[in-house]
Amino acid sequence: MKTLIVIPARYASTRYPGKALAPLRGVSGVTKPLIQRSWEAAQEAQGIDRVVVATDDARISEVAEGFGAEVVMTSSECQNGTERCAEALDALGGGFDVVVNLQGDAPLTPHWFIEDLVQGLMAHPAAEVATPVLRADGRALKGFQEDRRAGRVGGTTVVFGAEGKALYFSKEVIPYTDGSETSPNSPTSVFHHVGVYAYRPSALAAYPRWTPGPLETLEGLEQLRFLERERPVQCIEVDAKGRQFWELNNPEDVPRIEEMLRGMEVE
């Protein structure tokens, strides 16, 4: 089985333009751009045959090649990371059994999230797409709720059925909770969707041909295109093993992620 990781990165992010190049300071005081930290996270995963950065921006390409990444140039017409992954796979000529979309704003993704994700997709032959989900503790849930009260879009949450098939993803906090799950280190009823995907090549090839539906358009969540087409998305629960996880969605997330990097003693 051959596995490819694609890190889609664009400059014109709606919420945070240029965030792929945003500097993040580690425990030693050294700063590295977000795209480099995401690439380094990909390098730690075992069982991966190739890692590429897919972008349409010369600035991101230059920086990525400067730290040693392989870059695939893609069209500026790609609407989201999944479309960019599909175009990158096509440009590479295919030849992979699994394609992992490690989004360029997730530098804190532990390598075992990726490894468990690939194994989870293989364990569910009917699934065309798989994605990791992480049970939120009280601290993470509080962060989601504070972001929403402040009018910020923080992490994405997900609800799924008894067999792990996704029912819905949202930038709102779902399911509804009464506010009693506040103990910082205790598990809650809310699952944080980790923005990583593993696709079978057939599902990835079909995706760009589908017109975005109303739910994808309203939420701005690319994975909803699969659900609106009634294509199964398998949720794979992962264990953070005591590590904190957060994506860089807004400029306000930079100090939060830098604090986590220091706590993890990442250079």
Open item on the list: Pair Glu181, Ser186 - check side chain to side chain donor-acceptor pair (under 3.5 Å), show working.
Closed with: CA-CA 8 Å; Glu181 299 178 306; Ser186 297; over 6 Å; no
Kindly say whether [Y] contributes a backbone atom to a donor-acceptor pair with the side chain of [X] at under 3.5 angstrom?
X: Arg148; Y: Arg152; value: yes
X: Glu44; Y: His111; value: no
X: Arg135; Y: Thr188; value: yes
X: Gln103; Y: Ile7; value: no
X: Gln234; Y: Glu163; value: yes
X: Arg225; Y: Trp210; value: yes
X: Arg200; Y: Ala127; value: yes

[X] side, atom [atom1]; [Y] side, atom [atom2] - distance, nearest 0.5 Å:
X: Arg37; Y: Leu24; atom1: CZ; atom2: CG; answer: 6.0 Å
X: Asp56; Y: Ser61; atom1: CG; atom2: OG; answer: 10.5 Å
X: Ser189; Y: Asp178; atom1: OG; atom2: CG; answer: 8.5 Å
X: Leu117; Y: Asn101; atom1: CG; atom2: CG; answer: 10.0 Å
X: Ile60; Y: Leu21; atom1: CD1; atom2: CG; answer: 5.0 Å

Task: Note: Asp147-Lys171 ion pair, threshold 4.0 Å (strictly below) - done: no
Open item on the list: I'd like to know if Asp105 and Lys19 make a salt bridge, using a cut-off of under 4.0 Å between side-chain N and carboxylate O.
Closed with: yes
When you check the side-chain N and O atoms of [X] and [Y], is any donor under 3.5 Å from an acceptor?
X: Gln36; Y: Glu40; value: yes
X: Arg25; Y: Thr31; value: no
X: Asp57; Y: Thr55; value: no
X: Glu128; Y: Ser202; value: no
X: Glu267; Y: Ser28; value: yes
X: Thr131; Y: His193; value: yes
X: Tyr207; Y: Gln223; value: no

- [ ] Indicate, with yes or no, if Ile5 and Val99 share a hydrophobic cluster defined by side-chain heavy-atom contacts under 4.5 Å among Ile, Leu, Val, Met, Phe, Trp and Tyr.
- [x] no
Task: Trp39 reachable from Val63 in the ILVMFWY side-chain graph, under 4.5 Å edges - done: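 Val63 and Trp39: one cluster.
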Is any side-chain heavy atom of [X] less than 4.5 Å from a side-chain heavy atom of [Y]?
X: Arg243; Y: Met264; result: yes
X: Val238; Y: Val133; result: no
X: Ile257; Y: Leu261; result: yes

Mark yes when over 12 heavy atoms from residues, nucleotides or ligands other than [X] sit less than 6.0 Å from its [atom1]; otherwise mark no.
X: Glu70; atom1: CD; result: yes
X: Lys142; atom1: NZ; result: no
X: Glu62; atom1: CD; result: no

Task: Stepwise side chain to side chain contact (heavy atoms under 4.5 Å, CB included) check, Glu237 with Phe191 - done: CA-CA 9 Å; Glu237 186 171 355; Phe191 279 86; 3.6 Å; yes
Open item on the list: For Tyr11, does the six-membered ring have the charged nitrogen or CZ of Arg59 within the cation-pi criterion, i.e. under 6.0 angstrom from the centroid and within 45° of the normal?
Closed with: yes
Open item on the list: Assess the residue pair Val196 and Phe113 against the criterion (side chain to side chain contact (heavy atoms under 4.5 Å, CB included)); give the C-alpha distance rounded to whole Å, side-chain angles, the decisive distance to 0.1 Å, and a yes or no.
Closed with: CA-CA 9 Å; Val196 185; Phe113 281 17; 5.9 Å; no
Task: Shortest non-hydrogen contact between Ile174 and Val190, atoms and distance - done: O-CG1, 3.7 Å
